[in-house]
Amino acid sequence: MFDKLRIDSFSEYKKVYRESVEEPELFWAKVADDFIWHKKWDKTLEYSFEDANFKWFSGGKLNITENVLDRHVAIHPNKTAIIWEPNNPLEETRIITYRQLHSKVCQFANVLKNNGIVKGDRVCIYMPMIPELAIAMLACARIGAVHSIVFAGFSSAAIASRINDAQCKLLVTANEVYRGEKPINLKAICDEALKESPSIQTCIVYRRAIEPTSMVGGRDKFWMEEMHKVTDHCTPESMDAEDPLFILYTSGSTGKPKGMVHTIGGYLIETAYSFENIFQMQPNDIFWCTADIGWITGHSYIVYGPLACGATTVMFEGVPSYPDFGRFWEIVEKLKITHFYTAPTAIRSLAKEPLSFVEKYDLSSLKVLGSVGEPINEEAWHWYNDFIGKGNCPIVDTWWQTETGSILISPLAGITPTRPTFATLPLPGIQLVLMDEQGHEIETIAEKAEGKLAIKFPWPSMARTVYGDHERYKETYFSAYPGYYFTGDGAYRDAMGNYRITGRVDDVVIVSGHNLGTAPIENAINEHQDVAESAVVGYPHPIKGNALYAFVILQNNVEESDALMKEIKETVSKSIGAIAKPDKIQVVNGLPKTRSGKIMRRILRKIASGETDFGDTSTLLDPSVVKDIQEKVEQSK
Ligand code: PRX
């Protein structure tokens, strides 16, 4: 699609990278030139690390949906935009062309307007992986409304807090859905949430299953009925490049999730540029990213990136284990997937099943494999390479974050020399650095230069703020190293400049590729009446990457029991969602604290992973607590 922007050799990558660092604004302006603008921008970049203010292409006017839809309808209206694969293989696959997608998006945009939504309003979307989810988000973008998608595995309390934070006016959901064999009544979960979310005036319900659905008069409306009332003509709203496109919540080190705000121009340009160059798609290729659109990976690499490049993107409603562990490979064969992008946790869980689940299917359509969300271990990398790629498909290990909007470190498929478990080199425009303990850049060229990963120049798709809390944005990302964006990750760099990400260095744990803050989980556990205090840490897990270990102090006179442990897990499930349930709960008498009362999670992390060398414990208020916890852990094994 973007022939002019496509890098096609390693020497060209090196040249473009060098230019992008020497003159970043010129580089990004050239990229942005290839998109459809109503009016060109006044200034390519204005920024201040000190105030955490970043503006790209300000004064420029555009509508993102013209770039991801109208543009392609004009060139290839009948090309498939979305292939939807249902949870149940007996149900039919849906094929949606660019023309059809455009028409549905415009229609639903009119539904939103009919229901009082105007430019700048926030719309919450809580939906399963069905095309209507993509339609709803693009419809928001068409009229300049801001979408806030909440992953459909979150609990009613989690939806309510997100709706309230952004004061969303309208909620889009579906009635009953199936994931694997499990029916989930999304509408009922929404009804619970809406008891606590008075800002919602309208709830639009897509009927995914023919089930009786309880509807609240005046508030709840069926998707189909609303669609029948409108045409499919909708003039795209002319937006400023710096107007918000969406809010997406991610966990942080306090109990409150952070609503990361992404803006239109920079996000469009960089998701498209990265997609084009990393995946190196050909016109008839088919791209499948197995993530859920409820996470940033789905936003950027199921919807915006692929569609901006005019590609065919697959949406899968189900899970890798249903009806059996061959489901992914069955879909690869059936849809002739050329580009397959998944998470290490999925690879590990499928690698432990018999190889016959893979061998049953013809995977010869595959050209490129991708990995995202957490460090990929050596074993999983080789299994993926040998049994899925058959040694013929480059693996792109892509590093990025909800906050970065698009992939920042990755090989370009077939171009960058790969190294197992390394995300390799930064994309053009991305100036990475490693920081030492004193906060200085590590410039050493060594086989293993190790430090904390930071970025020293802004990039277009970076989040601009935390919704309603700019101070938190500044504090979280720009205070650790003044003049830099701090990623929260540790990494090392080899002598060739390749990066390997080692994992989080803060209180965020990546469980099965999901980014979970320990603070909200502790808050949830503490809500149980029998719990006095708790501390949650991550520990290595063979499939999930990390699992959660909760150390809990019970109230006086409360007896430990299996029933109580179950109740505590349920409390977490209710407050956040089943994904945040701790795998292990250990009742203890005390927690290792510093004199100022701060829990030393570093020590708990070591205990949870079976280590015995705790390093310096001299700042502990009561060092005997550690021994006591260790003994309890031993006893419960
Ligand atoms: O620790 C890194 C890990 O996931 C974190 C970001 O999580 P989230 O915002 O949920 O976005 C996930 C999908 C982009 C990072 O700080 N991470 C992501 N990709 C990789 C990774 N760790 C190692 N290698 C990766 N390829």
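In each ligand, atom 1 is the first atom listed, and ligand 1 is the first ligand listed.
- Of the possible donor and acceptor atoms, none in the side chain of Thr465 sits under 3.5 Å from a partner among the backbone N and O of Tyr467.
- For His262 (side chain) and Thr402 (main-chain N/O), a donor-acceptor pair under 3.5 Å exists by modelled atom type.
- Residue Lys544 places its NZ atom among more than 12 non-hydrogen atoms of other residues, nucleotides or ligands, all under 6.0 Å distant.
- Residue Ile501 approaches ligand 1 through these ligand atoms, each under 4.0 Å from one of its heavy atoms: 22 (N), 23 (C).
- Residue Glu374 touches ligand 1 through its backbone alone, judged by heavy-atom distances below 4.0 Å.
- Contact annotation for Thr398 and ligand 1: only backbone heavy atoms (N, CA, C, O) come within less than 4.0 Å of the ligand.
- Between Asp397 and ligand 1, a contact under 3.5 Å exists for at least one N or O pair.
- Applying the 4.0 Å criterion to heavy atoms of Trp400 picks out, from ligand 1, the atoms 6 (C), 14 (C), 15 (C), 18 (C), 19 (N).
- The distance criterion of under 3.5 Å between nitrogen or oxygen atoms is met by Gln401 with respect to ligand 1.
- With contacts defined as side-chain heavy-atom distances shorter than 4.5 Å, the pair Thr290/Phe316 does not qualify.
- Just one of Arg472, Gln401, Lys258 meets the side-chain hydrogen bond (donor to acceptor under 3.5 Å, both in side chains) condition when paired with Tyr477; it is Lys258.
- Taking the six-membered ring for Trp and the full ring otherwise, Tyr47 and Phe457 have centroids separated by under 6.0 Å.
- In terms of protein heavy-atom proximity, atom 5 (C) of ligand 1 is closest to Ile510 CD1, 3.6 Å.
- Nearest to atom 13 (C) of ligand 1 among the protein's heavy atoms is Thr297 OG1, 3.3 Å.
- Going from atom CD of Glu242 over to atom CZ of Phe54 covers 11.0 Å, rounded to the nearest 0.5 Å.
- At least one heavy atom of Gly373 sits closer than 4.0 Å to an atom of ligand 1.
- Looking only at heavy atoms of the protein, atom 11 (O) of ligand 1 is closest to Thr402 N, 3.7 Å.
- With a 6.0 Å radius and a threshold of 12 heavy atoms from other residues, nucleotides or ligands, Glu475 has its CD atom at or below the threshold.
- Both the backbone and the side chain of Pro375 come within 4.0 Å of ligand 1, counting heavy atoms alone.
- Residue contact check: Arg504 has heavy atoms under 4.0 Å from atoms 1 (O), 15 (C), 16 (O) of ligand 1.
- The nearest heavy-atom contact from the protein to atom 15 (C) of ligand 1 is Asp489 OD2, 3.2 Å.
- Closest to atom 7 (O) of ligand 1, if we only count protein heavy atoms, is Asn515 ND2, 3.1 Å.
- Phe486 has its ring centre no less than 6.0 Å from the ring centre of Phe478.
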